[in-house]
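Below: the structure, in structure tokens.
Worth knowing before you read on, the calculation uses all heavy atoms, side chains too, and leaves out hydrogens, waters and symmetry mates. What you see is a predicted model, and the numbers here were worked out from it, not measured in a lab.
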Amino acid sequence: MRYQMLDVVRTASLPMVAVLQAAHKYSSSDLHPLSDTRLGRTRSAILESAVRLIKHYPKQGFEYGTIEADGRKYHIKEDVAVAKPFANLLHFSHIASEGNPKVLFVPALSGHHATLSEDTFREFLPDHDVYVADWLDARDVPVSDGRFGFEEYVAYVIEFLEHIGPDTHVIGLCQASVPALTAVAYMAAKKHACRPPSLTIMAGPVDTSVNKNRINKVSEYLSSSVLNLSHIHAAPIGYKGVGRKVYPGIMQLAGFIMLNPSLHIDAHVQFAKDVMAGDHEAADRHRDFYDEYFAMLDTTAEFYLETLERVFFDQHLAKGMMKYQGETVDCAAISDIFLLTVEGSKDNMCSPGQTRAAHDICSGLAEEYKEDYMQEGVGHYGVFNGSKYRQEIAPRVKAFIQRAEKSQKSKAAA
């Protein structure tokens, strides 16, 4: 019922948003005589801030345009390689990308769209053949398309790897690290021809019993039944998935904000100050970030609850309890796949050590196949975005992939 009420409120606010947007457009127009005065900018800041607090934020697009590679500029082409009910496999390529190492990015399914990681993928476009699992909004998936839980997520990863073909490297981001590792371990045990030559997992909760943070400690007092009652709602009338049980994106967003509300309040106050001061560059950075950050999707109830049980409550992978298609998944079966773990020293969502734990459970891997990297001075988001990601983390991941590529070719030539 709460979801229906929230949707009614959102719909009812549309006329108000339209009026405020029109007023803002008028007050900030170059034709308005006061638009570039302190008074005009103050009025514009108040109006835009009001709009941004109540408007709906749709999914953003990938806007790569052209990139530079080998001193030349190339147009990035975006294709849907595979269309599934709950995700599309996107392929980003350019005229010179054929023959580059293939990499599948598996983003988290935790409320935000894959476009939140647009800058993460961007660093790989010049010299890699990039694929991205683009998870879709569950409220737009008809109930007739069936369930989508943790194992269905794993199945999608395997199917995407089968479509792309052998020698495809996998990079799991945040929460996606666990199902990505599950898929790779299952494929390794089956000696699957499309198992990846390397797996990189970045700031992922492989074992949340290690170095527990505030989120992990709070989860000890929760249960699936309680969360089912408080967090799970039916998609309202007006959506293709009407009646589907989901964890609404708007509630997930509220949870993210409550982790550090002062940070977001300060950011919006600073935005208003930047607009009033005429600092267009700083204001645009705020708009770009929050246009993406506030664009949320619903996840299916079964995926949300099963992920909590398997990853955060019971650490199934670390304890050797993970099941896929009725079989126990054994990470020790991984013996010929390079493994890189990346963490941020200031990460308060996935504490240092929780991702590195993958090396312990992948006990069948020789040490020369393993690499661990701790980035100093970054929090959770900094592992995937920002200057240190561009200058230090992404180059290290690419070098790791190159090492795996070289090893793969040496074996093939032997």
Side-chain angles (χ1 to χ4, degrees), residues 16-68 76 111-123 125 174 203 250 253-254 256-296 344-349 375-394:
M16 183 186 299
V17 171
V19 170
L20 290 171
Q21 285 177 327
H24 172 254
K25 184 177 180 180
Y26 170 72
S27 67
S28 59
S29 170
D30 291 338
L31 299 177
H32 195 292
L34 300 178
S35 63
D36 200 28
T37 65
R38 183 72 180 183
L39 175 62
R41 291 195 299 269
T42 299
R43 180 167 55 189
S44 181
I46 293 171
L47 288 168
E48 185 175 1
S49 295
V51 169
R52 297 189 66 81
L53 287 173
I54 62 175
K55 77 171 187 175
H56 171 68
Y57 289 81
K59 179 183 179 181
Q60 306 296 296
F62 290 98
E63 298 178 357
Y64 290 125
T66 59
I67 56 98
E68 188 170 319
I76 297 299
H112 286 110
H113 296 276
T115 46
L116 183 69
S117 300
E118 180 179 6
D119 289 341
T120 309
F121 315 141
R122 186 190 304 275
E123 294 303 305
L125 292 176
C174 185
I250 191 169
L253 178 61
F256 288 138
I257 291 175
M258 289 310 296
L259 289 174
N260 196 348
S262 62
L263 175 69
H264 298 284
I265 293 171
D266 292 345
H268 283 75
V269 170
Q270 186 58 50
F271 168 71
K273 291 179 179 178
D274 290 335
V275 174
M276 285 187 280
D279 190 341
H280 302 298
E281 186 176 342
D284 283 342
R285 285 198 301 269
H286 177 95
R287 293 184 186 102
D288 290 343
F289 176 78
Y290 278 100
D291 281 354
E292 185 62 66
Y293 191 77
F294 284 165
M296 302 294 291
S345 65
K346 295 183 177 181
D347 193 337
N348 63 352
M349 295 186 69
Q375 179 61 57
E376 295 296 330
V378 301
H380 189 73
Y381 195 67
V383 174
F384 317 104
N385 290 273
S387 60
K388 290 189 177 180
Y389 167 76
R390 293 190 299 271
Q391 297 166 11
E392 300 184 45
I393 296 176

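Partners of Lys25 by side-chain contact (heavy atoms from CB on, under 4.5 Å), not counting sequence neighbours: none found. Residues satisfying the side chain to side chain donor-acceptor pair (under 3.5 Å) criterion with Ser387, sequence neighbours excluded, are absent altogether. Legend: residues meeting salt bridge (charged side-chain N to carboxylate O under 4.0 Å, His left out) with Arg390, ordered by chain and number and at least two apart, are absent. Applying the side-chain contact (heavy atoms from CB on, under 4.5 Å) criterion to Asn348, with sequence neighbours excluded, gives no partner residue. Evaluation of the side-chain contact (heavy atoms from CB on, under 4.5 Å) rule for Ser29 yields Leu31 as partners, not counting sequence neighbours. For Glu68, there are no salt bridge (charged side-chain N to carboxylate O under 4.0 Å, His left out) partners, not counting sequence neighbours. Among residues two or more places apart in sequence or in another chain, the ring-ring contact (aromatic ring centres under 6.0 Å, His included) test is passed with His113 by none. In this structure, Glu123 has no salt bridge (charged side-chain N to carboxylate O under 4.0 Å, His left out) partners at least two apart in sequence or on a different chain. Evaluation of the side chain to side chain donor-acceptor pair (under 3.5 Å) rule for Asp279 yields no partner, not counting sequence neighbours.
Applying the salt bridge (charged side-chain N to carboxylate O under 4.0 Å, His left out) test to pairs two or more places apart or on separate chains, those with a residue in residues 37-50 are Asp36-Arg41, Glu48-Arg287. Within the structure, side-chain hydrogen bond (donor to acceptor under 3.5 Å, both in side chains) contacts touching residues 50-64 (residues at least two apart or in different chains) are Arg52-Asp291, Lys59-Asp134.
Between Asp288 and Arg285, none of the side-chain N atoms (NZ, or NE/NH1/NH2) sits under 4.0 Å from a carboxylate O, so this pair counts as no salt bridge.
A side-chain donor-acceptor contact under 3.5 Å links Ser262 and Asn260.
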For residues 265-272, which side-chain N or O atoms pair as donor and acceptor with protein atoms under 3.5 Å away, sequence neighbours left out?
from   : atom 1 : to     : atom 2 : distance (Å)
His268 : ND1    : His264 : O      : 2.8
Gln270 : NE2    : Asp274 : OD1    : 3.0

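Here the two rings, on Tyr381 and Tyr293, have centers that are 6.0 Å apart or farther.
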